[in-house]
Participant: 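Mind having a look at this structure? Questions to follow.
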Amino acid sequence: MTTALHHAVAAAIAAALPPDAGLDADAVAEGLARPPDAAKGDLAFPCFKLSKTLRKAPPQIAADLAGALGGVPLFTDVQAAGAYVNVRLDLGRAAAIVLPEIAAGSPGAAPARTERVMVEYSQPNTHKAFHVGHMRNLCLGDALVRLLRADGYEVIAANYLGDVGAHIAKCLWWYLDVLTPEQRQPPATARGEWLGELYSAASNRLDDLEDAAKSKDPDAVAALAAARARTTEILQKLEARDPELTRIWFETRAWSLADFDEIYAWCGVVFDRVFYESEVDEAGLALVEQYLAKGVFVQSEGAVGIVNDEVKHMPFFMLRKRDGTSLYATKDLALARLKFEEHRIDRSIYVVDARQSDHFRHVFLTLAKMGFAQAARCEHVPYEMVELPSGPMATRRGNVILFRALRERMTAHLLEKYLEKYRGEWSDAEIERCAHTLALGAIKYGMLSRDVNQKIVFDLEAWLELEGNTGPYLQYSTARAGSILRKCEEAGIAAAAVDATPEALTALLGALEHPEERELVLAIDGLRPAAAQAAAGLRPSVLCAYLHELAKSNNRFVNAKHCKVLQSEGDVQRARVLLVTAAHAALRWGLARLGMDAPVRM
RNA sequence: GCGCCCGUAGCUCAGUUGGAUAGAGCGUCGGCCUUCUAAGCCGAAUGUCGCAGGUUCGAUUCCUGCCGGGCGCGCCA
């Protein structure tokens, strides 16, 4: 991914290279880098790779090249330094290339693509609580959807709800057998969370009974057997679509779905298609039957599976239990087929934590052996877990922060520490909206800024500090730039016209001269490449790191006493307004790819 | 035991086609609010890049073997 600026620089360098160098402008552009120290120049071209074709030492090539670049208008200075050629850009010309596009709202054109991609993420279980651990997946999947769309793909955002299985049976066991009819009345709000408490209670009770039964306590052994018999009965009735249990299942499931809808709305996440496990379990078993008959799947100890020798440490992949019921894996096969057939997708992405890497390797190998060509374009995006300072999240130990508590504690803290001072000056609605935007930004950036293969320790207190490399820092930087633009508008100060001729724009932007202005122009130029790299690698953290750099450049410019916009005049002022417009747009565009917004003021 | 991931400043982490003196945030110390929001800006200090080999003109980056930590390993999801 190269930018218009890099291409212009590379074209000049390529033209100055000896004909036998064998590098065209695109190849040169790929090699361009930032010098380690801004004092050396704006861009650097390393000459190591030319030493073979030119049969000269890299420093000699660099010296020759620097000499040949004397008359290029885009460069105000060219220096050979060891194997590198460092160029200083004419800031007016560079800014005229970089700023207009992004100031107009888009950081260059996305690649033209025809592929249709599905990103499956979130996948919460109904009848269970939604907590901070689920937020990493949600933030990651949503950011990938946005990044891939920005990178030219047609993307279908898909959710896959776990609405069948043992956890439902445990929850309904508690609901039906343990709760009294009066207790069975759900609260007015957060009914899904309430169901989660029931599930949790049931799960804890079963664990306790299991522990007690190990010590051969006859009462415990009997109680455990009874509880297991009952949950099994519920599960079997559910699978047999028993009318009464199905009605209860449907009613309670709706409570969880209502909670999820509220969570997604608060997070600004929209799904194009929601799959349910309940719509693929039967189809999965039918597939197992079909491919068992074909000899692709085999029987083993009464169960059915497939032998994938490619996975040496665990070749057998079970697809049907001995009792004939389905597994997660069974449903994944039917779900994959549904995705292929219903949406004609070319590429299928699964955002699921890293513990399931082996599982998805098996799923994709199995799909390939079943004859699905799309299996080659199925990708698992693994990520590491979220923990709390007190250790891994465990419902049983009460070591968990539920979504609602997370939201309430963050907004309350933001109001108390930062926003209450605006009470009266701003409307209550704006203060509330601002708290929402900042809390969401803090969570999303926190979940996305770390590489997917790093564990995250979610320390609510630390995340609420909102200092340093955080979402609110980026939002603050954006709000500062926006504030300048607002004041310019109020004062009737206009930016340099982005549709002026390149010559006029170059001349006007030549008024930019300070290091802070130069640094900001160069930083803005990095937006599209950073977004493209994040999309290509399915790694939003790449864009996070870039945006943090951009925000720092923006803050240095805004903070510099000699770069004030309102105190300047004439061409300098018009050039600076365009620069701020572009920086503001770049920050907003980048944040939007992460699913983040910035408040107008904060 | 086998497989995957991690190991870089006191702490948390960037550093992906191998390239200049290894960077950032937090914390510590010291500056900057009569000039566009101090949730900010500037400066200082801090490294056997887990260890040992190998490939290379050049390795934090690639390969091999160790050490330390996390996770996974047929009837859960």
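Basis for what follows: all heavy atoms, side chains included, without hydrogens, waters or symmetry-related copies. Within every chain, numbering begins at 1; the chains are lettered A, B, ... in the order of the sequence lines, protein sequences first and strands thereafter.
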Participant: On the six-membered ring of A:Tyr276, is A:Arg253 placed so that its NZ or CZ lies under 6.0 angstrom from the centre and within 45° of the ring axis?
Facilitator: yes

Participant: Between the base of B:rG40 and the ring of A:Tyr476 - centre-to-centre under 5.5 Å, planes within under 30° - is that a stack?
Facilitator: no

Participant: Under 4.0 Å between a side-chain nitrogen and a carboxylate oxygen: does that hold for A:Glu549 and A:Lys552?
Facilitator: yes

Participant: Report the base-pairing partner of B:rC75 (Watson-Crick or G-U wobble, both distances below 3.5 angstrom), or none.
Facilitator: none

Participant: When syn is taken as a glycosidic angle within 90 degrees of 0, is B:rC33 syn or anti?
Facilitator: syn

Participant: Using only modelled atom types and a 3.5 angstrom limit, is any donor from either the side chain of A:Lys40 or the base of B:rU21 paired with an acceptor on the other?
Facilitator: yes

Participant: Find which nucleotide of RNA chain B each of A:Leu327 and A:Met318 is nearest to by heavy atoms, and output the residue with the more 5' nucleotide.
Facilitator: A:Met318

Participant: When both hydrogen-bonding distances must be under 3.5 Å and the geometry is Watson-Crick or G-U wobble, what is B:rG7 paired with, if anything?
Facilitator: B:rC67

Participant: Hey, can you tell me if A:His359 and A:Phe317 have their rings parallel, tilted or perpendicular (30° and 60° cut-offs)?
Facilitator: perpendicular

Participant: Taking syn as within 90° of 0 and anti otherwise, name the glycosidic form of B:rG50.
Facilitator: anti

Participant: With nearest nucleotides of RNA chain B determined for A:Lys331 and A:Phe45 from heavy-atom distances, which residue corresponds to the more 5′ nucleotide?
Facilitator: A:Phe45

Participant: Is a donor-acceptor pair below 3.5 Å formed from side chain A:Asn555 to base B:rA38, judging by atom type as modelled?
Facilitator: no

